[in-house]
Amino acid sequence: MRKVENEFLETWNRTHRKHFHGTINYDDWLTKEPFYNIIKNENGKFLDLGCGQGNNTLFLTQLGKDVLSVDLSTVALNIVKENIPNSKI
């Protein structure tokens, strides 16, 4: 990777290390009800691209959806893996 890409990635890794407090919660920064109404009857696979610490992954897996979580930050992906059982990263 180029220097700029490494710096970008390390910035996100630092952010996730700093802001993860031991639990993942689906917070209301994304209003759940409209999102739920769109996806509740959808089957198939979901892609949580730029999943961060997995808020949307958690929400979707709690609904029984098949979710693939993707992020550049290995710190974020480790948080998802450790805190969301059966998560796919």
Side-chain angles (χ1 to χ4, degrees):
M1 267 193 242
R2 296 184 319 211
K3 182 179 178 185
V4 172
E5 292 165 331
N6 283 332
E7 289 174 4
F8 177 77
L9 180 56
E10 188 49 39
T11 298
W12 277 110
N13 283 334
R14 275 194 309 273
T15 299
H16 289 295
R17 281 187 204 104
K18 180 179 178 181
H19 294 288
F20 181 65
H21 303 291
T23 58
I24 299 172
N25 296 308
Y26 181 81
D27 53 25
D28 287 323
W29 68 267
L30 173 63
T31 306
K32 283 195 265 188
E33 189 174 343
F35 185 50
Y36 173 75
N37 289 334
I38 292 169
I39 57 100
K40 66 182 175 184
N41 296 318
E42 295 295 324
N43 296 317
K45 298 180 187 237
F46 288 79
L47 175 63
D48 189 358
L49 187 59
C51 66
Q53 298 175 5
N55 293 345
N56 292 325
T57 296
L58 177 63
F59 178 65
L60 290 166
T61 56
Q62 287 175 338
L63 294 174
K65 305 300 181 184
D66 184 8
V67 184
L68 175 62
S69 304
V70 178
D71 201 288
L72 289 175
S73 171
T74 55
V75 172
L77 291 174
N78 285 331
I79 290 169
V80 171
K81 186 174 16 174
E82 292 172 10
N83 290 280
I84 302 176
N86 303 318
S87 58
K88 298 175 186 173
I89 59 169

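Residue numbers start at 1 and run along the sequence shown. Just so it is clear, the values below take in all heavy atoms, side chains as well, and ignore hydrogens, waters and symmetry mates.
Remark: Asn78 engages no residue in a side-chain hydrogen bond (donor to acceptor under 3.5 Å, both in side chains) (not counting sequence neighbours). By the salt bridge (Lys or Arg N to Asp or Glu O under 4.0 Å) test, Glu42 is found to be paired with no residue, residues two or more places apart in sequence or in another chain being considered. With sequence neighbours left out, the side-chain hydrogen bond (donor to acceptor under 3.5 Å, both in side chains) criterion links Ser87 to no other residue.
Lys45 contributes atom NZ, which lies 14.0 Å from atom CG of Leu60 (distance to the nearest 0.5 angstrom). Between the OG1 atom in Thr74 and the CD1 atom in Ile89 there is a gap of 9.5 Å [rounded to 0.5 Å]. Considering OG of Ser69 and CD of Gln53, their distance stands at 12.5 Å, rounded to 0.5 Å. In this structure, Glu10 CD and Leu72 CG are separated by 12.5 Å, a value rounded to the nearest 0.5 Å.
More than 12 heavy atoms of other residues, nucleotides or ligands sit less than 6.0 Å from atom NZ of Lys40.
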>> Run Cys51 and Leu77 through side chain to side chain contact (heavy atoms under 4.5 Å, CB included) and show every step you take.
In response: CA-CA 8 Å; Cys51 66; Leu77 291 174; 3.9 Å; yes
>> Test side chain to side chain contact (heavy atoms under 4.5 Å, CB included) on Thr61 and Asn86; report intermediate values, then the result.
In response: CA-CA 9 Å; Thr61 56; Asn86 303 318; over 6 Å; no
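Put simply, the side chain of Asp48 gets close to the backbone of Thr57: a donor and an acceptor are under 3.5 Å apart. A donor-acceptor pair under 3.5 Å links the side-chain atoms of Asp71 to the main chain of Gly52, judged by distance alone.
Side-chain heavy atoms closer than 4.5 Å link hydrophobic residues (I, L, V, M, F, W, Y) into clusters, and following such links, possibly through other members, connects Leu49 to Leu68. The same ILVMFWY cluster, assembled from side-chain heavy atoms under 4.5 Å apart, contains both Phe46 and Leu63.
For the pair Lys88 and Asp66, the minimum side-chain heavy-atom distance is below 4.5 Å.
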